[in-house]
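Taking it in order: structure first as structure tokens, then the write-up.
Numbering of ligands and ligand atoms starts at 1, following listing order. Only this structure's heavy atoms are used, side chains among them; waters, hydrogens and symmetry mates stay out.
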Amino acid sequence: MADAKPFHWEYTPPPAPPEVFRIEGGRPLHGNVRVSGAKNAALKMLAAATLTGERCRLTNVPEIEDVRVMAETLRELGVVVDHPSPGVYEVASGDVDWLFVPLEAAAKMRASFILLGPLLARFGRVIISNPGGDRIGRRPVNLHVEAMRTLGASIDYRNGYYYAQAPGRLRGAEVRMPIVSVMGTENAMLAATLADGHTVIRPAAQEPEVDDLITMLRSMGADVTRTYPDTIEIYGKKRLRGAEHRVMPDRIEAGTFLVAAAVTGGRVTLEEAPCEHVSALVEVFEQVGIPIVCGQDTIDVDATGLRPGDIRPCQIETAPYPGLATDLQSPACVLLTQAGGTSRVTESIFEDRLEWLGELRRMGARVEVEDPHHATIQGPTALRGAEVSIGDLRAGASLILAALAAEGESVVHGAHHVQRGYEHIDRKFGELGARIVRTADPVARTATTVGPAGSTSPATAPSEASDPPAG
Ligand code: EPU
């Protein structure tokens, strides 16, 4: 059976109630902010909890839309997901007999595909929707599917769904990845914890969220070790047990707040922010000349003494960890609008992740996008308030950053994209002195919408717009 061809949207999720951020910019941010739990760790841990019938308890889970969607997707499978207090989730997946992850889940959130590995390994079969593409590129899942086949699964693709089976147990194997994939590594690792025998994943993603997932799996009794920086080895167990785990802090949120302090000329201290998780961004700060100090799980940025033009231009290039995260490319671009000279940006991971720069241009940024992977930014620019639209999560947060730095009022449409991944972002910026409110959108609009086979089309009214899956 042939694998997925370019994916055509067949389902449009009900539109989220349109909301806007109204931001009065030009106010330096000051104070301390605690970094929330990491979205891209918590989502995988909720999925990992299905590897056992015993109860798993997760704490420091961010209160965000993507977590709510993952919890709802699990409940629809028959998994018990309790949410006893803010930040705490308990998952018990005793008898799961509905092994079907529908298009509705995939259309809301690409990360639903992380359920392939654990459900297949524990229950021997699953039917799961192809998550298709989203606003940051094609984002295929061939590496996930190939990894499962290497572990002995048979997988057919029909009508937008993968039909995966592994009668008996999966078998340990050498999983070779042609490129580094975060969720590809995680899916293979989750599946291998219950496979028969020894699995080696190489090259394995080195993102800290992968290691946090390893820590949780080990408390569940799994035998998983990162034996070399790019190698993960697993000895499969017949069963795993319940566990409690605290989700690591969100390094992308941390990076977003660091840039917020810098571009508003403020001073902010991040708490629960291990510096080593954002070392590539800290290097950018050092290169451009913004004072930044790492403490024990704190990071302090002090841009109060900087004048326009003090910030130096630089070249940035995104790369798998420990390189500069693609999720921090857009915040870094906002920073570079304030640098005196020409900066160059290379986005190596995704092909559509520079498109949002068109919106940044509306705020006065001098940006040239040369091709899907390269852009130049001239600075320093006194950004000005404008009406802009959010196309995806990270670009959305970055438009908020630009609005905080800009003189005058900005109206940022599409606030729900940001709610998917940033916990209480308006409240947190408000506590640092920003003037930001989230309100119903009187005139809903979107920047671009992904049409059939991932093509993009100009702004449309919300009734016609589809919301591709986030993160
Ligand atoms: N790729 C393939 N085939 C696959 C999988 C990936 O060709 O089967 C390609 C992708 O198209 C991309 C590259 O491999 O060019 C790397 O993608 P990766 O698989 O690492 O991305 P991901 O696991 O789908 C996670 C994060 C993203 C983050 C990327 C890169 C989650 C839920 N998502 O995605 O986060 O940008 O890693 O670090 O963990 C976000 O949080 O906003 C977000 C998009």
Side-chain angles (χ1 to χ4, degrees), residues 3-4 6-7 36 38-48 62 64-67 69-70 106 108-117 130-150 155 157 162 175 177-190 201 203-210 212-213 247-248 250-256 277 280 318-331 347-353 356 372-373 390-398 417-423 454 468-471:
D3 264 352
F7 179 56
S36 299
K39 166 178 89 79
N40 288 347
L43 292 174
K44 324 309 170 44
M45 289 166 184
L46 287 165
I64 53 173
E65 183 61 13
D66 274 11
V67 164
V69 169
M70 181 60 96
K108 283 184 195 144
M109 188 181 65
R110 182 186 151 78
S112 61
F113 208 69
I114 198 66
L115 289 167
L116 170 66
N130 181 358
D134 71 7
R135 281 195 170 105
I136 60 176
R138 288 180 307 117
R139 304 191 70 187
V141 288
N142 57 313
L143 302 178
H144 304 233
V145 172
E146 275 318 308
M148 297 307 141
R149 286 185 176 137
T150 307
I155 303 188
Y157 183 71
Y162 289 98
V175 177
M177 298 274 179
I179 51 171
V180 180
S181 162
V182 176
M183 278 213 290
T185 299
E186 292 166 331
N187 237 336
M189 178 169 82
L190 291 170
I201 304 171
Q206 299 180 44
E207 271 66 6
E209 292 78 13
V210 179
D212 203 30
L213 184 58
V247 179
M248 64 175 276
D250 195 309
R251 65 196 164 95
I252 308 302
E253 189 200 20
T256 306
H277 291 174
T318 61
Y321 193 85
L324 180 67
T326 170
D327 295 342
L328 287 175
Q329 171 259 111
S330 53
E347 168 54 57
S348 314
I349 310 289
F350 294 115
E351 61 266 27
D352 293 349
R353 244 190 176 174
W356 79 284
H373 293 286
I390 288 173
D392 82 69
L393 171 64
R394 306 301 175 190
S398 304
H417 286 292
V418 180
Q419 304 299 110
R420 284 173 154 177
Y422 288 85
E423 185 175 59

For this session: Take Glu186 and Leu213 through the test side-chain contact (heavy atoms from CB on, under 4.5 Å) and record every step on the way to the result.
Result: CA-CA 8 Å; Glu186 292 166 331; Leu213 184 58; 3.9 Å; yes
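- Distances below 4.0 Å separate heavy atoms of His144 from the following atoms of ligand 1: 8 (O).
- Under the 4.0 angstrom criterion for non-hydrogen atoms, Met109 is not in contact with ligand 1.
- Considering both main-chain and side-chain atoms, Glu207 never comes within under 3.5 Å of ligand 1 through any nitrogen or oxygen pair.
- Counting only distance, with no hydrogens or angles, the side chain of Asp66 and the backbone of Gly421 share no donor-acceptor pair below 3.5 Å.
- Taking OH of Tyr422 as the reference point, atom CG of Asp250 lies at 7.0 Å (rounded to 0.5 Å).
- Residue-ligand proximity: Arg110 is placed with a non-hydrogen atom under 4.0 Å from ligand 1.
- Near Met183, meaning under 4.0 Å from one of its heavy atoms, ligand 1 places the atoms 23 (O), 24 (O).
- Here is the list of ligand 1 atoms found below 4.0 Å of a heavy atom in Lys39: 40 (C), 41 (O).
- If you look at Leu143 next to ligand 1, the close heavy atoms, those under 4.0 Å, come from the backbone and the side chain alike.
- Heavy atoms from both the backbone and the side chain of Asn142 come within less than 4.0 Å of ligand 1.
- Considering only non-hydrogen atoms, atom 16 (C) of ligand 1 lies nearest to Ile349 out of Ile349, Val210, Thr326.
- Polar contact check, Ala111 against ligand 1: no nitrogen or oxygen pair lies under 3.5 Å apart.
- Summarising the geometry, atom CD belonging to Glu65 is positioned 12.0 Å from atom NZ belonging to Lys39; distances are rounded to the nearest 0.5 Å.
- Residue contacts with ligand 1 for Phe350 involve side-chain atoms from C-beta outward but no N, CA, C or O (heavy atoms, distance under 4.0 Å).
- Residue Ile179 places no N or O, backbone or side chain, under 3.5 Å from any N or O of ligand 1.
- If you take CD1 on Ile114 and CG on Leu46, they are separated by 11.5 Å, rounding to the nearest 0.5 Å.
- Contact of the Tyr162 side chain with the Asn130 side chain is registered, since non-hydrogen atoms from C-beta on lie closer than 4.5 Å.
- For Lys44, the heavy-atom gap to ligand 1 drops under 4.0 angstrom.
- The structure places CG of Asp352 at 9.5 Å from CG of Asp392, a figure rounded to the nearest 0.5 Å.
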For this session: Show your working on side-chain contact (heavy atoms from CB on, under 4.5 Å) between Lys44 and Met183 and close with a plain yes or no.
Result: CA-CA 9 Å; Lys44 324 309 170 44; Met183 278 213 290; 3.9 Å; yes
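- Neither the backbone nor the side chain of Glu209 has any atom closer than 4.0 Å to an atom of ligand 1 (non-hydrogen atoms only).
- Residue-ligand proximity, Leu393 to ligand 1, at heavy-atom distances under 4.0 Å covers atoms 42 (O).
- Among Arg394, Arg420, Glu186, the residue whose heavy atom lies closest to atom 40 (C) of ligand 1 is Arg394.
- Here the CG-OG1 distance, from Leu328 to Thr256, works out to 6.0 Å after rounding to the nearest 0.5 Å.
- Ion pairing between a basic and an acidic side chain is recognised when a charged N comes within 4.0 Å of a carboxylate O; Arg353 and Glu347 show no such pairing.
- With Ser330 contributing its side chain and Arg394 its backbone, the two residues share a donor-acceptor pair below 3.5 Å.
- By the 4.0 Å heavy-atom criterion, Ala325 is excluded from the residues contacting ligand 1.
- The contact set between ligand 1 and Arg353, taken as ligand atoms under 4.0 Å from a residue heavy atom, comprises 36 (O), 42 (O), 43 (C), 44 (C).
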